[in-house]
Number of protein chains: 2
Amino acid sequence: MRKGLSTERSGGRGENGLGTGGRDEAIYRNLFVAIVENHLAPGTKLPEDTLAETYGVSRTSIRKVLQRLAHERLVDVRLNRGAAVAQPSVSEARDIFSARRIIECGAIGKVVAKAVPAAIDELRELVRREHAAADRGDWREAIYLSGAFHVALIRVSGNETLTEFLTQLVSRSSLVIATYGTPMTSSCRHSEHDDVLDLIAAGDVEGARAWMERHLKDVERSVVLVEEEPSALDLRKVLDEVARRHRGER
Amino acid sequence: MRKGLSTERSGGRGENGLGTGGRDEAIYRNLFVAIVENHLAPGTKLPEDTLAETYGVSRTSIRKVLQRLAHERLVDVRLNRGAAVAQPSVSEARDIFSARRIIECGAIGKVVAKAVPAAIDELRELVRREHAAADRGDWREAIYLSGAFHVALIRVSGNETLTEFLTQLVSRSSLVIATYGTPMTSSCRHSEHDDVLDLIAAGDVEGARAWMERHLKDVERSVVLVEEEPSALDLRKVLDEVARRHRGER
DNA sequence: ACTTATCTTTTTGTATACACTTTCATACCG
DNA sequence: CGGTATGAAAGTGTATACAAAAAGATAAGT
């Protein structure tokens with residue numbers, strides 16, 4: 001089973017106090033993968049009892065996991081109302097992509113500076129796997145590897161804090177795609193990811209930054225095209241509007 | 001009592017699943033403030049029983065709060081070993097300031113674009129309060145308001161996700177200052193914060209970006225000058241080194 | 001006197017129990 | 001027949017209890 005979006009090196013960092021080998025870590029990873037790979041559709045309720053029985057633990061551990069996922073904005077927890085897979089709003093989706101542009105473009109300078117050949121080779125291997133998955137029609141794997149590539153790229157900068165932020169943004173992007181993307185929205189269509197590696201290998205910072213800017217705008221445009229559906233909240237406003245028109249005002 | 005670094009508008013967003021009015025919210029804020037204002041020194045142990053008795057609740061609620069603070073990197077939770085106020089490493093400190101440069105400089109464009117006069121007035125008021133606090137020697141308040149200014153600035157961009165990230169970075173900066181800063185390291189010495197508001201009001205994006213870059217580099221330089229102390233971990237290495245020298249090798 | 005081993009104390013991890021809130025179904029009334 | 005109230009069922013919030021681990025103290029041995 002995969003581990004987060006870490007692409008390899010997650011074998012016990014033992015540094016911070018988040019994934020410190022508790023037995024809930026496995027449960028967390030399971031739920032995390034289920035959500036970002038869209039096995040659980042946005043809005044799906046996540047009752048504590050069900051999860052507790054599923055994983056054979058008590059609700060205590062489940063609650064811990066759910067709160068962690070809530071902090072990462074992958075699930076929504078409302079008071080006395082339980083947890084559900086998050087449904088990012090359109091404005092939240094825009095914020096996510098905007099934040100990704102700022103972080104990924106802003107960090108590309110350090111990425112280029114620190115991109116030793118070995119690091120680039122690892123990234124190329126990731127792209128190769130992504131293409132292989134796409135070629136055999138495994139879209140879920142391809143999308144996953146596409147996200148993993150973006151995270152791995154920033155990791156080269158050596159900034160763990162930024163890498164963590166981006167990891168969250170990439171997983172939330174999966175939710176956005178699941179919520180607003182059309183079936184064929186394969187995020188990075190035929191993945192020009194190799195191109196940016198060429199620019200990085202050539203030491204072309206500005207070129208790489210421009211590529212990233214364009215790439216992320218492409219991804220966003222291919223997804224968030226549709227506006228928010230009525231969604232029961234502005235239902236009242238919509239109906240009022242219809243009523244006014246019907247009465248002949250305007 | 002203050003609320004996070006939110007500077008006003010925290011009166012129940014009811015939107016996400018984090019601060020949804022549970023009774024632990026008050027406990028969280030208490031601990032949060034105690035940590036970022038350095039009433040609790042980095043490294044201070046936070047035993048669950050003590051906190052539970054202090055706030056008159058059970059350990060269950062305390063654990064929830066501690067895990068949230070752990071996710072925000074303000075406390076360190078190690079398996080079977082409890083929680084303690086985090087002690088950011090030098091490399092973590094560098095990552096934090098680097099991330100701040102990328103995010104705050106990257107978002108300044110949207111800040112300028114969206115900075116209506118009313119927003120700028122609010123920011124000026126914040127700077128005024130900061131100066132007032134500094135003038136009367138209330139350094140804690142001045143440092144707090146300085147951080148609140150940076151957060152409020154980014155909030156103007158309208159990107160809630162980035163604002164959350166920066167909120168975390170600013171509070172972690174407080175920990176860095178507490179850990180590595182000298183007593184007089186007042187982060188922003190006589191706070192040139194008014195200057196950037198002039199640039200923003202004038203619509204000078206590049207000027208504001210350059211100002212922010214320089215400002216954050218100044219803050220970092222005034223803090224992280226010192227290298228990591230032995231810190232008990234490389235104690236062995238240090239002692240071995242001393243022993244070798246004593247034996248006359250080299 | 002210093003180190004090592006064992007036992008006690010303290011503290012954390014996890015499960016369970018109970019109170020309260022929400023939700024859904026049923027019955028009552030206009 | 002539609003709408004509202006009442007009550008049962010399900011689900012969450014919080015406290016407590018017990019098991020396991022770490023920290024500390026005491027005693028034995030070198």
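Reminder, nothing fancy here: chain letters follow the sequence lines and each chain counts from 1.
Applying the side chain to side chain donor-acceptor pair (under 3.5 Å) rule to A:E48 yields the partners A:R59, A:R63; only residues at least two apart in sequence or on another chain are considered. Not counting sequence neighbours, the partners of B:S98 by the side-chain contact (heavy atoms from CB on, under 4.5 Å) test are A:K110, A:N159, B:R101, B:I102. For A:D138, the salt bridge (Lys or Arg N to Asp or Glu O under 4.0 Å) criterion is met by A:R136, not counting sequence neighbours. A search for salt bridge (Lys or Arg N to Asp or Glu O under 4.0 Å) contacts involving B:E53 returns nothing, not counting sequence neighbours. With sequence neighbours left out, the side-chain contact (heavy atoms from CB on, under 4.5 Å) criterion links B:T54 to B:T50.
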Please produce a list of atom pairs where a protein N or O lies less than 3.5 Å from an N or O of nucleotides 5-12 of chain C.
{"residue": "C:dT12", "atom": "OP2", "partner": "B:E48", "partner atom": "N", "Å": "3.2"}

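Rounded to an integer number of Å, the gap from A:E53 CD to C:dA15 P is 13 Å. Whole-Å rounding puts the A:I62 CD1 to D:dG13 C1' distance at 16 Å. Put simply, CZ on A:R23 is 11 Å from P on D:dA21, counting in whole angstrom units. A:Y55 places its OH atom 16 Å from the P atom of C:dT14, with the value rounded to the nearest Å.
Residues B:E92 and B:R73 are not paired through a salt bridge, judged by the lack of any N-O separation under 4.0 Å between the basic side chain and the carboxylate.
Of the side-chain N and O atoms in A:T60, none sit less than 4.0 angstrom from OP1 or OP2 of C:dG13.
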